Amino acid sequence: MTDVFVNGNFAGKVDNAEEFVEEVRAKRRKGTLSSEVNIAYDDEIDAVFVESSSGRLRRPLIVVKDGKPLLTKEHLEKLKNKEMGWEELVKKGIIEYLDANEEENALVAFYEEELTPEHTHLEIAPIAMLGLCGSLVPFCNYSPGARISIGAKNQKQSIGVYMINYHNRMDMDVSILNYPQKPIVRTDMNEISGSDKHPIGQNFVVAISSYEGYTIEDAVIFNRASIDRGLARSTYYRPLIAEEMRYAGGLSDKIEIPDKEVKGYRSETDYRFLEDDGIVYTEAKMHEENVVIGRTSPPRFLSSTDEYNFVSEERRESSMLLKHGEEGIVDNVFITENEEGHKLVEVKMRQPMIPEVGDKFTSKHGQKGIIGMIVPPEDLPFSNSGIIPDMITSAHGIPSRMTFSHLMELIGGKVGALAGRFIDGTPFDNEKIEDLREELKSLGFRDTGVETFYNPKTGEEMEMRIFVGNIYYMRLRHLVANKIHARARGPIQLLTRQPTEGRAKQGGLKLGEMEKDTIVAHGASMVLNERFNADSVKLPVCEKCGMFAMYDRYKNIHVCPNCGENIDVSYVEISYAFKLFSDELRAMGINTRFGLRDKF
Amino acid sequence: MDNAIFSEYEGLLPKKLIEEIKQKAQKGISKKQLKAILDDCVEEVKKASAQSGEAIGLVTAESISEPATQMTLDTFHYAGVSEMNVTVGLPRLIEIFDARKNLKTPSMEIYLKDKKKLSNKEVERIAAKIKALRFGDIVQEFKIDIANYKITASLNKEELDNADMTASDVIALLRKKTKIAKFSKGKNDEIIVDVEMKKDKGPNELFRIRERLEELIIAGIKGIKHVLPVVRQDEDGNKEVVMLTSGSNLKEVLKFDFVDKTRTISNDIFEVEAVLGIEAARQKIIDEVKGVLDEQGIDIDIRHIMLVADTMCLTGEIRGITRYGIIKGKQGVLASASFETPIRHFTNATLSGAKDHLSSVIENVMLNQPAPVGTGLPKVRYVGIINKEE
């Protein structure tokens, strides 16, 4: 007797476990049981597990009977003519989904030729073992798995056309590639996943070479002319949202051009883009601190004394404006209502993002790098046929990472671009690289992919041939324009009087504890002092008791809260953070005093 | 060579250096030339030594911790046998610097006086003398007779041979080591244990006695779980047997006659300190740290490690670099509070009305004052007008 468990709960016993399992499977294939039921017999612990719960990973396989797959040529013909669909195949029991448990009972063949009578299932295609992003990498069965998983992840950060209706959407922090292209070297997944409708990059002409050292550490060289022609150009969208909030007492926000009497009124020029309804007009070129949506709010506190006065007319200014360092063009304005019935105004800002030094690019094979230099075309090497590459990458990134698929896509792309066709780079089922090289030869190029190049500065032929071809490159969303930050002077925090933190608040650049240690190690005591004096203050200290004294401006005297008025004080230069800290200690009942003596 | 010149330089040059120059100086060298050499040496020593105000402690900390970040975290190193697993790498480094009392893998290196090549049998016999042998190890089976309050232990013949003992030897040892029961010999290498017991204790006591007997060490040294004889070769090609152990008991091991007392050592720093003294412990800290770093291919100037070892040992007892160790000895309230457990430090400072003289770097960074290191150290003091004629 064998125990049977249904979804982990003991359900009963059966006499012949293997017969029972086969029976259940037959019923599932016939359609009497749901195709989502999986059953497995574990002979080691002699138990049958039936699973129908959610959250199991399952994958489809072709059912094999007596060494012959149930999927026949007639079926394929019907599928081609769209007389039959996937669902029907599953319903008929030709294809079934196995979970991890049932897989243990199955013997799966990779290819039809390998089938023997013992086999129970046949793979649909080898590409099915890869995930969506992994199967988009052409020739990926030739590269180390670690690189391919990096490449697969990088695709998720690429700038492309993330949604076709992006124009009507209000997404935060998104970019659209201006001139997207389908990859020349494709995999079957390109068609299956519909990625042709959502391209993520462009086919670049890439040469693998050094260029004056500016390709160090994976940096890439860009052709200025290519950028000017719109290569990798993208548009960045960000919405600004303002709501007309309603408050207790019948008061509410108002979207309008603020009146000059409003508290916190900004200068007139800041409001110059607003139309009569208090909202900018489309296609307005905005700069930092410009108001996008004008808004006023009722006074913050309504104290009880106000009841006898007229309701204070002083409204507050609470406009939405571009923050420091932001700029852009107004793309679209939406006026609507939110769930609570408040008026909602959303303004979509658009900002063209031209590739610049520091922007990140990658191929699909984990070969990522940032732009190290943008070079005018006249300074870039040109080939025999007059081709000037869009991009130059360093050769040092290739041997240690062993990304053969990158090089194969480069050759494949070259053949495709010259022959005017798409190249099939589906993993495990790709076009043979030997054939591609033969075709390249017949097109009049060297079959190795290298070409003769000429020195742009002297016109001489270069001694080394340079490997050049077309490859699908993606621009990643880490754009310098959204990250660049520096500060000399700027805002400070109210509590500690130390500089604020972060780019959004124009914060200072932190010199941390370990960085501090390096200065100490150099013995540069005064440098250390100067670097940390951002919150330095001069405070009077009572010479008698050593506590902080106060300066009374009316009487022009110093007062100590401890010793009274007739005291001597000394001014001590100290960090405000420490003054705050000793105040906090005092608030806890721990007194702190300063013992004063001459500094030198 | 006349020693008069050399005695002039005593104090200016390290003794070891003077000795070396004495030995290596060419024979026909003139006084003038020798003096020039020695002067050059004095200049070099001055250049090499740290200047006043140099933050040597911090440079040491950086020099050790920067390469330590690159060390492979848990490296497992088996010296041939899986049981002889010794902690190395970063975990061991932390263990040493924290001055942990209970090591993860205490071990010893036992050198033998007899440097001749020993036969395998001799080596095995020595190893058996060192390794702790539990009574349980040589017993195949315990039979407990509840009715008669008797335990019969049948011995494992193989183990008995390995230990070079007979059943009567074992009985003699048992009688010497414990008095909880009476032992007598049964047939076929059996030992009968007669338990004299008060009846109110019940049969559970029998099981308790069995457990105690199992753990009873009848031969070898307590704490040493395994012994692994290893053949080592020195630079001249001389081979020598060294006993590596897991478990450590330096005091007992040094009592053996066959042990070379000058070289045998434990990796337990506290044990080294207890048996050989604080200077030996200091040297052991240096050796252990150097060993760990060398294994990872990290090259750190030995003087950094020496400074750490000196700091750990300077009070005469080993203190780790923790809040209970050398940080406790820090003077300033703010300095020690900035390390760990600030609340406790402030509570204690409040109770005693502590003063902070702002003598180290951290406090001065906190208060935004020039820190007394490097260029911040020298100060000007007015002492009045000095009358030259006086």
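A note on names: the letters A, B, ... follow the listed sequences, proteins ahead of strands, and every chain is numbered from 1. None of these values were measured; they are calculated from a predicted model.
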K.L.:
For the CD atom on A:E530, are there more than 12 heavy atoms of other groups (residues, nucleotides or ligands in this structure) within a distance under 6.0 Å?
P.N.:
no

K.L.:
Just wondering, do A:N529 and B:N368 contact through their side chains at under 4.5 Å, heavy atoms?
P.N.:
yes

K.L.:
With a 4.5 angstrom heavy-atom cut-off, could you sort out which part of B:L367 is near chain A: side chain, backbone, both or neither?
P.N.:
both

K.L.:
With a 4.5 angstrom heavy-atom cut-off, which part of A:Y576 approaches chain B: side chain, backbone, both or neither?
P.N.:
neither

K.L.:
In this structure, are over 12 heavy atoms from other groups packed under 6.0 Å from A:R586 atom CZ?
P.N.:
yes

K.L.:
Quick one: which of B:L377, B:V373, B:T375 has the most heavy-atom pairs under 4.5 Å with chain A, could you say?
P.N.:
B:T375

K.L.:
Can you tell me which portion of A:L528 sits under 4.5 Å from chain B's heavy atoms? Options are side chain, backbone, both or neither.
P.N.:
side chain

K.L.:
For the side chain of A:S575 and the backbone of B:M366, is there at least one donor-acceptor N/O pair under 3.5 Å apart?
P.N.:
yes

K.L.:
Looking at A:I557, I'd like to know if its CD1 atom is crowded, meaning that more than 12 non-hydrogen atoms belonging to other residues, nucleotides or ligands lie closer than 6.0 Å.
P.N.:
yes

K.L.:
Would you confirm whether A:E573, through its side chain, and B:Q369, through its main-chain N or O, come within 3.5 Å as a donor-acceptor pair?
P.N.:
no

K.L.:
Please classify the contact of A:T592 with chain B as side chain, backbone, both or neither, using a heavy-atom distance under 4.5 Å.
P.N.:
neither

K.L.:
Looking at A:H396, I want to see if its NE2 is surrounded by more than 12 non-hydrogen atoms of other residues, nucleotides or ligands under 6.0 Å.
P.N.:
no

K.L.:
Is it the backbone or the side chain of A:K579 that comes under 4.5 Å from a heavy atom of chain B, or both, or neither?
P.N.:
neither

K.L.:
State the OG1-CG distance between A:T518 and B:L58, to the nearest 0.5 angstrom.
P.N.:
9.0 Å

K.L.:
Using a cut-off of 6.0 Å, state whether more than 12 heavy atoms not belonging to B:N102 lie near its atom CG.
P.N.:
no

K.L.:
Less than 4.5 Å apart, any side-chain heavy atom of B:P370 and any of A:M526?
P.N.:
yes

K.L.:
Does A:L509 have more than 12 heavy atoms from other residues, nucleotides or ligands lying within 6.0 Å of its CG?
P.N.:
yes

K.L.:
Do you know the tightest heavy-atom contact between A:S525 and B:A371?
P.N.:
OG-O, 2.5 Å

K.L.:
Is chain B contacted by the side chain of A:A521, its backbone, both, or neither, given a heavy-atom distance below 4.5 Å?
P.N.:
both

K.L.:
Is the number of heavy atoms from other residues, nucleotides or ligands under 6.0 Å of A:Q493 CD greater than 12?
P.N.:
yes

K.L.:
With a 4.5 Å heavy-atom cut-off, do B:N364 and A:F532 have their side chains touching?
P.N.:
no

K.L.:
What part of B:V361 lies closer than 4.5 angstrom to a heavy atom of chain A: side chain, backbone, both or neither?
P.N.:
side chain

K.L.:
Roughly how far, to the nearest 0.5 Å, is the NZ atom of B:K355 from the CZ atom of A:R593?
P.N.:
11.0 Å

K.L.:
Can you tell me if B:T350 uses its side chain to pair, donor with acceptor, with the backbone of A:I590 under 3.5 Å?
P.N.:
no

K.L.:
Tell me, do A:D517 and B:E62 make a side-chain contact under 4.5 Å, heavy atoms counted?
P.N.:
yes

K.L.:
Does atom CG of A:L57 have more than 12 heavy-atom neighbours from other groups under 6.0 Å away?
P.N.:
no

